[in-house]
Amino acid sequence: MLTYEEAREKILDRVSPLGEERVQLDAAAGRTLAGEVRAPGDLPPWDNSAMDGYAVRSEDCRGEAVLPIAGYQTAGGSDAAAVPKGGAVRIMTGSPIPPGCDAVVPFEEAEERGGSVRVPAPVRPHQHIRFRGEDVRAGALVLRDGTVLRPPRISLLASFGRAMAPVYRKPRVAILSTGDELVELGDPPGHGKIVNSNSHALAAAVVEAGGDPILLGIARDEREDLRAKLSAGLAADVLVTSAGVSAGDRDLVRDVLAELGVENVFWKVLVKPGGPTAFGVAGRIPVFSLPGNPVSSLITFEVFVRPALRRMTGSPHPVKAPVKATLAEPVRKKPGKTQFLRVLIESGEEGYVARTAGDQNTGILRTLALADGIAVLPLERTNFAAGEKVDVLLLYGQE
Ligand code: AMP
Ligand code: MG
């Protein structure tokens, strides 16, 4: 049986970024840039004022000076004429520096009266000027392939006049829940039936990982229905199923996947929860068979499916980097499996502090809903003392 790390490696070995597409810049937030971006020109494109004030020649202001105002320059307005020696131009932030001037005196440091401005103190050459190209030089590499388009990066692209961005395609992720006990959300669950919550939980997780979920609904625990719905799922970029992969009498998912030509890469991993997880491939399509327990399916999604989706979206770092957190209390586990412990996280003076979110039983969804992170407790270890540092995968940002 594979360890957690081995299983994740086997998955990442089998997936690669999808093709590219061009999207409107406003639809590109959170997407991954396909290819690098070089600056088509200088930023800023011309020398301009960093302040509202007066453009002057610094040589005219070696001591106190009184300069006649020769022009007025607004941001976006037409250019003021060249400033005669000994003159000044009233200038607004962002306006091009008039020819001849080499400094700006802010309003707060000058006094305007009767068409002249008095500058009481000496002026340094270049003060309060933003020079052409000081932010970005034409031709410079500004965004690398695989960069996630966050707001400042969208800002750079917009500054370059790019209305469209090349990004990696989002993986279309088919989600199929299996089980005779399931009813669809909205239908009354009769005795012995439960609502198919996994499809909705996994769809939300797919969106967070940067994919587009396709809900295939429920397949019953019988070959015909499974065959029809699983083969529909193989038309997507990724197929994720829940339940029917344990050792139960009606756990047919793996069987039917094999009949459909899905090559089994592994079944069962040394993890808790999530032991029965299976992974296979149909050509380029990764197929994840997650256990049915809502807690197991979401945790195995986080640790196995999410990295695959991140790689498919072009991310160069598909595996989430864990943070170090100090255990606030002792924790025990059995040896032989990596345990994913649902934890609450606080930021203390010395970094993150982790405490258990409560009952860690696989049947307890409530504590996963409370958790801020998942502590990854190594396979061979058994006893963890309070004060020890452990690796934690943070689930969401601070809320
Ligand atoms: P299984 O993996 O089929 O043994 O299912 C394990 C547990 O997960 C059982 O208690 C199922 O009722 C439950 N379960 C399976 N599928 C779902 C689902 N789609 N939504 C919520 N619970 C489920
Ligand atoms: Mg079942």
Side-chain angles (χ1 to χ4, degrees), residues 11 170-209 211-262 264-265 267-269 273-282 285-306 308-309 361-366 368-369:
I11 293 167
K170 284 185 174 196
R172 293 170 301 123
V173 184
I175 298 169
L176 180 65
S177 284
T178 71
D180 287 340
E181 73 276 40
L182 303 177
V183 299
E184 288 295 10
L185 183 61
D187 293 343
H191 179 69
K193 307 277 182 180
I194 57 168
V195 174
N196 166 20
S197 58
N198 284 354
S199 285
H200 304 284
L202 292 170
V206 165
V207 170
E208 275 193 358
D212 274 333
I214 303 167
L215 292 179
L216 296 180
I218 300 167
R220 297 305 166 196
D221 292 323
E222 42 146 303
R223 288 176 190 276
E224 282 313 299
D225 199 28
L226 279 168
R227 195 174 295 119
K229 286 170 181 159
L230 288 171
S231 58
L234 292 173
D237 298 312
V238 182
L239 172 57
V240 177
T241 69
S242 96
V245 283
S246 321
D249 294 344
R250 317 236 16 172
D251 288 343
L252 302 170
V253 170
R254 295 183 56 256
D255 254 23
V256 177
L257 284 172
E259 281 170 30
L260 292 172
V262 174
N264 178 63
V265 176
W267 178 40
K268 295 190 175 166
V269 190
T277 302
F279 173 68
V281 288
I285 301 162
V287 179
F288 296 89
S289 308
L290 309 182
N293 269 301
V295 166
S296 310
S297 65
L298 278 178
I299 290 182
T300 50
F301 183 97
E302 171 70 20
V303 300
F304 295 127
V305 186
R306 187 181 186 281
L309 297 187
N361 212 298
T362 314
I364 307 297
L365 177 59
R366 171 174 45 84
L368 182 59

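Remember, predicted model here, so these are calculated numbers, not experimental data. Just the heavy atoms: all of them, side chains too, but no hydrogens, waters or symmetry mates, feed the values below.
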> Hey, does the side chain of Thr178 reach the backbone of Leu226 with a donor-acceptor pair shorter than 3.5 angstrom?
Replying inline: no
>> Which heavy atom of Pro273 sits nearest to which heavy atom of Val295, and what is that distance?
In response: CG-CG1, 4.2 Å
>> Would Ser177 and Ser199 count as a side-chain hydrogen bond (donor to acceptor under 3.5 Å, both in side chains) here? Give the steps.
In response: CA-CA 6 Å; Ser177 284; Ser199 285; 2.8 Å; yes
> Say you draw a straight line from OG of Ser197 to CG of Leu185; how long is it, rounded to the nearest 0.5 Å?
Replying inline: 9.0 Å
>> With side chain to side chain contact (heavy atoms under 4.5 Å, CB included) as the criterion, how do Val238 and Ile285 come out once you've worked through the C-alpha distance, each side chain's angles and the decisive distance to 0.1 Å?
In response: CA-CA 5 Å; Val238 182; Ile285 301 162; 5.5 Å; no
> Which distance, rounded to the nearest 0.5 Å, do you find between the CG of Leu216 and the CG of Leu239?
Replying inline: 7.0 Å
> Between Leu368 and Ile299, is any pair of side-chain heavy atoms under 4.5 Å apart?
Replying inline: yes
> Short question: side chain of Asp237, backbone of Arg172 - any donor-acceptor pair under 3.5 Å?
Replying inline: yes
>> Taking side chain to side chain contact (heavy atoms under 4.5 Å, CB included) as the criterion, tell me which of Leu230, Leu290, Val256 meets it with Thr241.
In response: Leu230
>> If I compare all heavy atoms of Ala243 with all of Val253, which pair ends up nearest, and what's the gap?
In response: O-CG2, 3.5 Å
> Is any side-chain heavy atom of Leu234 closer than 4.5 Å to a side-chain heavy atom of Val287?
Replying inline: yes
>> Any heavy-atom pair between the side chains of Val183 and Ile194 that's under 4.5 Å?
In response: no
> Which pair of heavy atoms, one from Gly217 and one from Leu176, lies closest together, and at what distance?
Replying inline: O-CD1, 3.5 Å
> Is there a donor-acceptor pair under 3.5 Å between the side chain of Arg306 and the backbone N or O of Phe301?
Replying inline: no
> Is there a donor-acceptor contact under 3.5 Å from the side chain of Asn264 to the main chain of Gly280?
Replying inline: no
> Is Val240 close to Val305 at the side-chain level, that is, under 4.5 Å between some pair of heavy atoms?
Replying inline: yes
> Using 4.0 Å as the upper bound for N to carboxylate O, is an ion pair formed by Arg220 and Asp225?
Replying inline: no
> Is the backbone N or O of Phe279 less than 3.5 Å from a side-chain atom of Trp267, with the two atoms forming a donor-acceptor pair by type?
Replying inline: no
>> Contact between Val281 and Val265 at the side-chain level, heavy atoms closer than 4.5 Å - yes or no?
In response: yes
>> Restricting to non-hydrogen atoms, name the atom on Thr300 and the atom on Pro291 that form the minimum distance, rounded to 0.1 Å.
In response: OG1-CD, 3.9 Å
>> Are Pro286 and Ile11 packed together at the side-chain level, in the sense that at least one heavy-atom pair is separated by less than 4.5 angstrom?
In response: no
>> Quick check for you: to the nearest 0.5 Å, what is the distance between Glu184 atom CD and Ile218 atom CD1?
In response: 3.5 Å
>> Could you check whether any side-chain N or O of Asp180 sits under 3.5 Å from a backbone N or O of Asp221, counting only pairs where one atom can act as donor and the other as acceptor?
In response: yes
> Which pair of non-hydrogen atoms, one from Leu257 and one from Ser289, has the smallest distance, and what is that distance?
Replying inline: CD1-OG, 3.4 Å
>> side chain to side chain contact (heavy atoms under 4.5 Å, CB included) for Lys193 and Leu182? Distances and angles first, verdict last.
In response: CA-CA 6 Å; Lys193 307 277 182 180; Leu182 303 177; over 6 Å; no
> Would you say Asp251's side chain and Ser246's backbone share a donor-acceptor pair under 3.5 angstrom?
Replying inline: yes
>> So, using salt bridge (charged side-chain N to carboxylate O under 4.0 Å, His left out) as the criterion, who are the partners of Arg223 when residues are at least two apart?
In response: Asp255, Glu259
>> So which atom in Glu222 and which in Leu252 form the shortest heavy-atom distance, rounded to 0.1 Å?
In response: CA-CD1, 3.9 Å
> Would a 4.5 Å heavy-atom cut-off, applied to side chains only, mark Lys268 and Thr277 as touching?
Replying inline: no
> Do Val207 and Pro213 have side-chain heavy atoms sitting under 4.5 Å apart?
Replying inline: yes
